[in-house]
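Read through the structure below, which is laid out as structure tokens, and then see the notes.
Basis for what follows: all heavy atoms, side chains included, without hydrogens, waters or symmetry-related copies. Each chain gets a letter, A, B and so on, in the order the sequences are listed, and its residues count up from 1.
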Protein chains: 2
Amino acid sequence: MKVTNEDNMLMMQRIENETIDLLLTDPPFGMDFQSNYRKIKHEKIENDNNLNWFPDWIKEIKRIMKQDAHLYIFCSWHKVEVFKTEIEKYFNVKNILIWEKNNTGMGDLTGDFAPKYEMIIFCSNGVKKLKGNRDSNIIKAKKTGNEYHPTQKPVNLMEYLIEKSTNINDLVMDCFSGSGSTAIAAYNTNRDFIGCEINKQFYDKAMERINNHLAQQKLF
Amino acid sequence: MKVTNEDNMLMMQRIENETIDLLLTDPPFGMDFQSNYRKIKHEKIENDNNLNWFPDWIKEIKRIMKQDAHLYIFCSWHKVEVFKTEIEKYFNVKNILIWEKNNTGMGDLTGDFAPKYEMIIFCSNGVKKLKGNRDSNIIKAKKTGNEYHPTQKPVNLMEYLIEKSTNINDLVMDCFSGSGSTAIAAYNTNRDFIGCEINKQFYDKAMERINNHLAQQKLF
DNA sequence: ACTACGGTTGAATCCTGAA
DNA sequence: GTTCAGGATTCAACCGTAG
């Protein structure tokens with residue numbers, strides 16, 4: 001397990017071709033997002049409000065993914081056309097999964113439906129099977145907190161996706177580690193993990209969370 | 001209520017500017033679709049496996065929609081980037097709704113998640129409020145049959161969307177009427193309806209369905 | 001001073017699930 | 001059972017500055 005505080009393009013430069021078994025990550029969505037309503041105020045997510053970085057990023061991802069590998073890339077419906085179009089240049093977009101949350105979000109209260117899901121673009125590099133039952137492309141998972149990051153992902157959702165697509169000791173990567181949920185999920189499912197988070201505050205909080213989790217596990 | 005057997009571009013040519021209160025339609029998705037597994041074999045949906053017609057179509061839609069109007073355009077995730085990008089040139093894409101079905105479809109049985117939803121691109125022309133409660137963007141509705149069309153929509157789903165976005169006697173349009181579900185839903189909710197279906201077999205079956213429905217209503 | 005414009009601020013909803 | 005909190009937003013109101 002290795003989590004660093006740096007830009008993910010720098011981290012990936014050090015990774016050899018065809019190394020990663022699974023990409024499971026939640027990139028910044030290219031939205032100028034900051035909730036003024038939260039009780040816990042987080043630093044605004046660094047975001048130039050566009051996705052200019054995306055083409056170079058996905059190209060570098062392609063280089064380091066193994067020949068038979070899965071990718072799960074979180075995405076809002078607002079920018080799904082940008083994500084999907086660019087990803088399809090390199091990978092086979094197999095599905096767009098719907099992560100259904102337990103509650104709805106804010107937004108236009110009278111002229112719109114309330115947001116209740118995020119999209120997850122599911123791709124394969126080459127051909128690879130999924131483990132276990134044939135589950136549906138709508139996945140219900142409770143949002144479990146935002147004490148480490150405003151868009152913190154539920155650990156059990158990440159564990160589920162890891163177990164659908166990898167074997168024990170496989171290498172899972174998350175380029176936008178955020179709260180560290182993916183790292184913890186990889187640890188819990190006995191997979192190896194590499195990831196980074198560019199924001200120092202989020203990185204520090206994630207490392208504290210991860211270290212606490214590892215310490216608790218060792219008590220048993 | 002008026003349903004014709006013709007190409008929808010011909011039908012729309014006869015409609016004056018800013019006439020339609022609600023567009024609720026399920027266009028051909030630009031996929032070469034034919035299930036070989038169905039018990040009921042339908043004629044293959046006419047489709048040149050691309051969406052070349054879409055830019056002209058949406059431009060014509062823009063012309064005939066009222067200044068404050070909603071649009072619901074069904075869409076598979078496979079081509080959502082094409083639909084969304086083109087629609088955004090003319091309308092405000094407010095949301096992508098998820099119609100969650102009660103059961104899953106076919107497709108890749110071992111390397112993919114099972115399809116359980118369709119997307120509905122929800123747009124507004126100008127500013128318009130929704131009626132009733134603030135519902136979420138995941139809408140559960142049972143698929144109720146495919147005896148009239150392979151992608152037949154549940155009448156209650158169409159009724160729900162019509163009632164969210166229109167008043168009694170408003171004019172609802174469905175350019176791709178298919179099984180006639182939208183027409184029946186408009187009738188049931190006391191809205192006016194205009195639509196067409198290019199395929200003679202689907203058109204005949206839909207008209208039979210609609211006429212039977214009207215006849216049954218008149219018994220009471 | 002008056003308007004036009006752009007950026008910032010804060011208020012609002014209802015459903016779900018945890019307590 | 002009942003309370004309670006929380007939410008990858010949008011909109012309108014309100015500034016400040018420029019023309």
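Cation-pi check for A:K59 over A:W57 is not met; the charged atom does not lie both under 6.0 angstrom from the ring centroid and within 45 degrees of its normal. In this structure, B:K101 is not positioned above the aromatic face of B:Y117 in the sense of NZ or CZ being under 6.0 Å from the six-membered ring centre and within 45° of the axis.
In this structure, CD of A:Q152 is placed 11 Å from P of D:dA8, rounded to the nearest angstrom. Between B:R134 atom CZ and C:dA12 atom P there is a gap of 14 Å when expressed in whole angstrom units. Atom-to-atom, CD of A:E118 to C1' of D:dT9 comes out at 12 Å; the value is rounded to the nearest Å. Atom CG in B:N137 sits roughly 12 Å away from atom C1' in D:dA8 (whole-Å rounding). Remark: C1' of C:dC15 and CZ of A:F113 are 15 Å apart, rounded to the nearest angstrom. Between the C1' atom of D:dT10 and the CE atom of A:M106 lies a distance of 9 Å, rounded to the nearest Å. As a whole-Å value, the separation of A:L157 CG from D:dA8 P is 14 Å. A straight line from CH2 of A:W77 to P of D:dT9 spans 10 Å, rounded to a whole angstrom.
When each of A:G145 and A:L109 is assigned the nucleotide of DNA chain D with its nearest heavy atom, A:G145 is the one assigned upstream, toward the 5' end.
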Please tabulate the protein-to-nucleotide N/O contacts below 3.5 Å involving nucleotides 16-19 of chain C, giving atom names and distances.
| unit_1 | atom_1 | unit_2 | atom_2 | d |
| --- | --- | --- | --- | --- |
| C:dT16 | O4' | A:N102 | O | 3.2 |
| C:dA18 | OP1 | A:K142 | NZ | 2.4 |

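A distance of 11.0 Å separates CG of A:L23 from OG of A:S165, quoted to the nearest 0.5 Å. Separation of atoms NE2 (A:H78) and NZ (B:K84) is listed at 8.0 Å; rounding is to 0.5 Å. Atom NZ of residue A:K89 and atom NZ of residue A:K62 lie 14.0 Å apart, to the nearest 0.5 angstrom.
Two rings, from A:H70 and A:F122, have their centers less than 6.0 Å apart. Here the two rings, on B:F83 and B:F54, have centers that are under 6.0 Å apart.
Distances were taken from every side-chain heavy atom of A:P115 (C-beta onward) to each of D:dT9, D:dG7, D:dA8; the shortest belongs to D:dT9.
C:dT13 sits 15 Å from D:dA13 when the P atoms are compared, rounded to a whole Å.
Counting only distance, with no hydrogens or angles, the side chain of B:S177 and the backbone of B:D174 share a donor-acceptor pair below 3.5 Å.
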Open item on the list: Output the pairing pattern of DNA chain C as a dot-bracket string, 5' first, Watson-Crick or G-U wobble with both distances under 3.5 Å, | for cross-strand pairs, [ ] for crossing pairs.
Closed with: .|||||||||||.||||||

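Between D:dC11 and B:K94, a contact under 4.0 Å exists linking OP1 or OP2 to a side-chain N or O.
Across all strands shown, A:D26 has heavy atoms under 4.0 Å from base atoms, whether or not it also approaches the sugar-phosphate. Within the nucleic acid shown, A:T104 comes within 4.0 Å of at least one base atom, counting heavy atoms only.
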If you look only at distance, which donor and acceptor atoms sit under 3.5 Å apart when one is on a side chain in residues 105-113 of chain B and the other is two or more places apart or in another chain?
| unit_1 | atom_1 | unit_2 | atom_2 | d |
| --- | --- | --- | --- | --- |
| B:D108 | OD1 | B:T110 | N | 3.1 |
| B:D108 | OD1 | B:G111 | N | 2.8 |
| B:D108 | OD2 | A:K94 | NZ | 2.6 |
| B:T110 | OG1 | A:K129 | NZ | 2.8 |
| B:D112 | OD1 | A:N95 | ND2 | 3.1 |
| B:D112 | OD2 | A:N95 | ND2 | 3.4 |

